[in-house]
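I'd like to ask some things about the structure below.
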Amino acid sequence: MTALLNQVCYRTLGQDKPHALDNYLKVGGYTELKRIVSEKVKATDIISEVKLSGLRGRGGAGFPTGLKWSFMPRYYDGMKYVVCNTDEGEPGTFKDRDIIRYNPHQVIEGMAIAAYTLGARVGYNYIHGEIWEDYETFEKALHEAEAAGYLGENLFGTNFSFNLYAVHGYGAYICGEETALMESLEGKKGQPRFKPPFPASYGVFGKPTTINNTESFASIPWIMQHGGQAFQDMGVAGSGGSKIFSVSGHVEKPGNYEVNMGTPFADLLALTGGIWKGRQLKAVIPGGPSTAVIPAAKILSATMDYDGLSKAGSSLGAGSVIVMDESTCMVKALKRLTYFFYEESCGQCTPCREGTGWIYRIIKRIVDGQGKMEDLDLLSDLGNNISGRTICALGDAAATPVLSFIKHFRPEFEYYIQHGKSMVTGK
């Protein structure tokens, strides 16, 4: 279920076959690409507009998009690439798949505008391996766009050419990390690269590359059509525009909700119909499992933006809001999360390869009724020793739920160790 609220990335919703080219054209699709290319708008002007918008990376890192675009070498004469990261593989994340399912042409137009701005002739959309039907939808949109003259050689009678390809991944969570994605794109094992060099100087096939999230690219046509200031005004200082929040868990109407940055969490929760079955809110993971859990008392007074969630003790992440009601056993919930990171570690770094498995086995031992009180301090030590000691952020992502769950819900862990069963469920 996708809520029809602010229409930036989901603006074709409500139409029959919202993914079709004709329906995208009805909402002004491709007009900005044609204007920019035909009028030979300066790349610096486009980047300035994107900077003004306050758009920050929507895949989790939150890096300013306009600033990232400015890193691409402007006078490099060789091949350059733009890459879209639709490798959405973390539990609770499902916004990007709905963008390419319902509005794929806006992603295509956003990537084409980026390519023109950055001097790239080729682009790739790396799509998560477990959403095959959505991959096919995007492929169909590529063919429609090319047949209509929005992709290909010498667009709109100019010397600008852009060819875009969809690449189907294999379901590895690690390939959502941009350098692991590039390795996979090149046909190699998906493992993160050391940085520097950064993609802007040494990316896909060793060439300058700019990688952005699906939602980031899909926001570009709207920004260019309405202006960067209009996008910024939708949000709050430091968090411009609208944001899609994928709300799952114990709510009446889970789904994607596109709302203004800075929306109070309580208002977002109300849009979902509130906590299901008349129960009480217990905790929320606001940005996906790689962000810290927040108890109910704190999240109910928080706003959904970068600064608001930081003040509450967590982060925005990808906007994957996992809601837990009073019936949730936090020990068992953490066991499930730690298993995910253990399974998805690529194994390249010793702290992550060994640490994620160690953490999972300790949590499992507690759930199996064999835990010891010293396990809690050991878990905290493991989390702190993994964080900041790996090539990519998966190590930090694996440590974050462990540290935050124990910090906020330690009595539940202590009870489980003492009694061999859950304080909440009695089992």
Side-chain angles (χ1 to χ4, degrees), residues 1-4 8-13 15 17-21 23-24 57-60 82-111 123-145 164-178 180-185 187 189-190 211-219 243-249 253-258 287-290 317-322 336-337 340-341 343-344 346 394 397:
M1 174 266 178
T2 296
L4 186 61
V8 175
C9 296
Y10 288 148
R11 59 180 174 166
T12 56
L13 283 178
Q15 301 189 47
K17 298 180 180 180
H19 57 274
L21 174 60
N23 286 324
Y24 183 55
R58 299 300 199 231
V82 292
V83 176
C84 181
N85 186 346
T86 311
D87 190 57
E88 191 174 40
E90 189 168 87
T93 58
F94 47 88
K95 66 181 178 65
D96 294 338
R97 68 175 300 174
D98 270 7
I99 295 175
I100 64 170
R101 175 190 292 172
Y102 297 120
N103 197 10
H105 284 284
Q106 192 154 317
V107 180
I108 294 171
E109 184 178 13
M111 292 189 70
Y124 299 98
N125 186 3
Y126 189 97
I127 299 173
H128 190 64
E130 296 164 334
I131 52 171
W132 177 255
E133 290 183 358
D134 304 317
Y135 168 82
E136 290 186 314
T137 299
F138 191 80
E139 275 279 11
K140 183 178 180 181
L142 287 179
H143 294 309
E144 287 182 323
L164 179 57
Y165 307 95
V167 179
H168 191 241
Y170 294 92
Y173 170 63
I174 193 64
C175 289
E177 195 278 335
E178 63 178 13
L181 183 156
M182 293 191 296
E183 290 287 290
S184 179
L185 195 58
K189 185 177 182 179
I211 303 177
N212 286 123
N213 173 256
T214 316
E215 186 181 355
S216 303
F217 277 124
S219 300
K243 176 76 184 78
I244 301 169
F245 291 99
S246 301
V247 186
S248 63
K253 296 182 291 183
N256 285 316
Y257 294 84
E258 188 173 10
S290 58
S320 311
V321 182
I322 301 174
R336 187 67 191 89
L337 295 179
F340 169 78
F341 289 111
E343 279 290 293
E344 294 295 340
C346 76
L394 190 144

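Fair warning: this is a prediction, and the values are worked out from it, not measured in the lab. Residue numbers count from 1 along this sequence.
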With side chains defined as the heavy atoms from C-beta onward, is the minimum distance between Thr12 and Gln106 less than 4.5 Å? no

Using a strict threshold of under 4.0 Å (side-chain N to carboxylate O), is an ion pair present between Glu133 and Arg101? no

Are Glu177 and Leu394 packed together at the side-chain level, in the sense that at least one heavy-atom pair is separated by less than 4.5 angstrom? no

Would you check if the side chain of Thr214 reaches a backbone N or O of Asn85 as a donor-acceptor pair within less than 3.5 Å?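 Such a contact is found between Thr214 side chain and Asn85 backbone.
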
Kindly indicate whether the side chain of Glu88, heavy atoms from C-beta on, has any atom under 4.5 Å from the side chain of Lys95.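 Touching, per the 4.5 Å side-chain cut-off.
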
Ring pair (Phe, Tyr, Trp, His ring centres under 6.0 Å) involving Tyr135 - partner list, sequence neighbours excluded: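 Ring pair (Phe, Tyr, Trp, His ring centres under 6.0 Å) list for Tyr135, sorted by chain: Trp132, His168.
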
Closest heavy-atom contact between Ile127 and Ala166?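 Heavy atoms only, the tightest pair is CD1-CB, 4.3 Å.
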
Sub-3.5 Å donor-acceptor pair from the side chain of Ser216 to the main-chain atoms of Arg58, do we have one? yes

After noting the C-alpha distance and the side-chain angles of Glu90 and Ser290, does the key distance pass the side-chain hydrogen bond (donor to acceptor under 3.5 Å, both in side chains) rule? CA-CA 8 Å; Glu90 189 168 87; Ser290 58; 3.2 Å; yes

Among Ile99, Ile100, Thr86, exactly one meets side-chain contact (heavy atoms from CB on, under 4.5 Å) together with Asp134. Which residue is that? Ile100

What distance do Asn213 atom CG and Cys84 atom SG have between them, rounded to the nearest 0.5 Å?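 The distance works out to 6.5 Å.
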
Between Val83 and Met182, is the side chain to side chain contact (heavy atoms under 4.5 Å, CB included) condition met? List the steps. CA-CA 9 Å; Val83 176; Met182 293 191 296; 5.7 Å; no

Considering non-hydrogen atoms only, spot the tightest contact between Tyr257 and Gly255 and give its length.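 Taking every non-hydrogen atom into account, CD1-O, 3.4 Å.
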
For the side chain of Asp96 and the backbone of Asp87, is there at least one donor-acceptor N/O pair under 3.5 Å apart?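 No; zero donor-acceptor contacts below 3.5 Å.
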
Residue from His19, Glu109, Gln15 passing side-chain hydrogen bond (donor to acceptor under 3.5 Å, both in side chains) with Tyr24: Glu109

Considering all heavy atoms of both residues, which atom of Leu181 and which atom of Cys175 are nearest to each other, and what is their separation?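 Looking at all heavy atoms of both residues, the closest pair is CB-O, 3.1 Å.
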
Do Pro289 and Phe340 come within less than 4.5 Å of each other through their side chains, counting heavy atoms only?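 They are not in contact (no side-chain heavy atoms under 4.5 Å apart), so the answer is no.
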
Just so I know, are the side chains of Ile174 and Glu344 near enough to count as touching, which here means a heavy-atom distance under 4.5 Å?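 No; the side chains remain at least 4.5 Å from each other.
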
Is there side-chain contact between Val8 and Glu258, with at least one heavy-atom pair below 4.5 Å? yes

For Glu183, the salt bridge (Lys or Arg N to Asp or Glu O under 4.0 Å) test, sequence neighbours excluded, returns Lys188, Arg193

Minimum heavy-atom distance Ser248-Pro254, with the two atoms named: CA-CB, 4.1 Å

Rounded to the nearest 0.5 Å, what's the gap from CZ on Phe217 to CG on Asn212? Could you check?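 With rounding to 0.5 Å, CZ (Phe217) is 4.0 Å from CG (Asn212).
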
Side chain of Asn256, backbone of Phe94: donor and acceptor closer than 3.5 Å?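 Answer holds: yes.
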
Among all residues two or more places apart in sequence or in another chain, which pass the side-chain hydrogen bond (donor to acceptor under 3.5 Å, both in side chains) test with Ser184?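 Ser184 satisfies side-chain hydrogen bond (donor to acceptor under 3.5 Å, both in side chains) with Tyr126 once adjacent residues are dropped.
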
Take Lys243 and Glu215 through the test salt bridge (charged side-chain N to carboxylate O under 4.0 Å, His left out) and record every step on the way to the result. CA-CA 8 Å; Lys243 176 76 184 78; Glu215 186 181 355; 3.0 Å; yes

Taking ring pair (Phe, Tyr, Trp, His ring centres under 6.0 Å) as the test, write out the residues that go with Phe245, two or more places apart.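 Applying ring pair (Phe, Tyr, Trp, His ring centres under 6.0 Å) to Phe245 gives none.
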
Residue pair Val107 / Ala218: nearest heavy atoms and the distance that separates them: CG2-CB, 4.1 Å

Listed by chain and number, what are the salt bridge (Lys or Arg N to Asp or Glu O under 4.0 Å) partners of Glu178, not counting sequence neighbours? Lys68, Lys195

Heavy-atom pair of closest approach, residues Gly190 and Cys346: O-CB, 4.3 Å

What's the spacing between Tyr170 OH and Glu130 CD if we round to 0.5 Å?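 Answer for the OH-CD pair, Tyr170 versus Glu130, is 13.5 Å.
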
Nearest 0.5 Å please: distance from the OG1 atom of Thr137 over to the NZ atom of Lys17. 12.0 Å

Measure the OH-CG distance between Tyr124 and Leu185 for me, rounded to the nearest 0.5 Å. 6.0 Å

With sequence neighbours excluded, tell me which residues meet ring pair (Phe, Tyr, Trp, His ring centres under 6.0 Å) with Phe138.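 Counting only residues at least two positions away or on another chain, Phe138 forms no ring pair (Phe, Tyr, Trp, His ring centres under 6.0 Å).
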
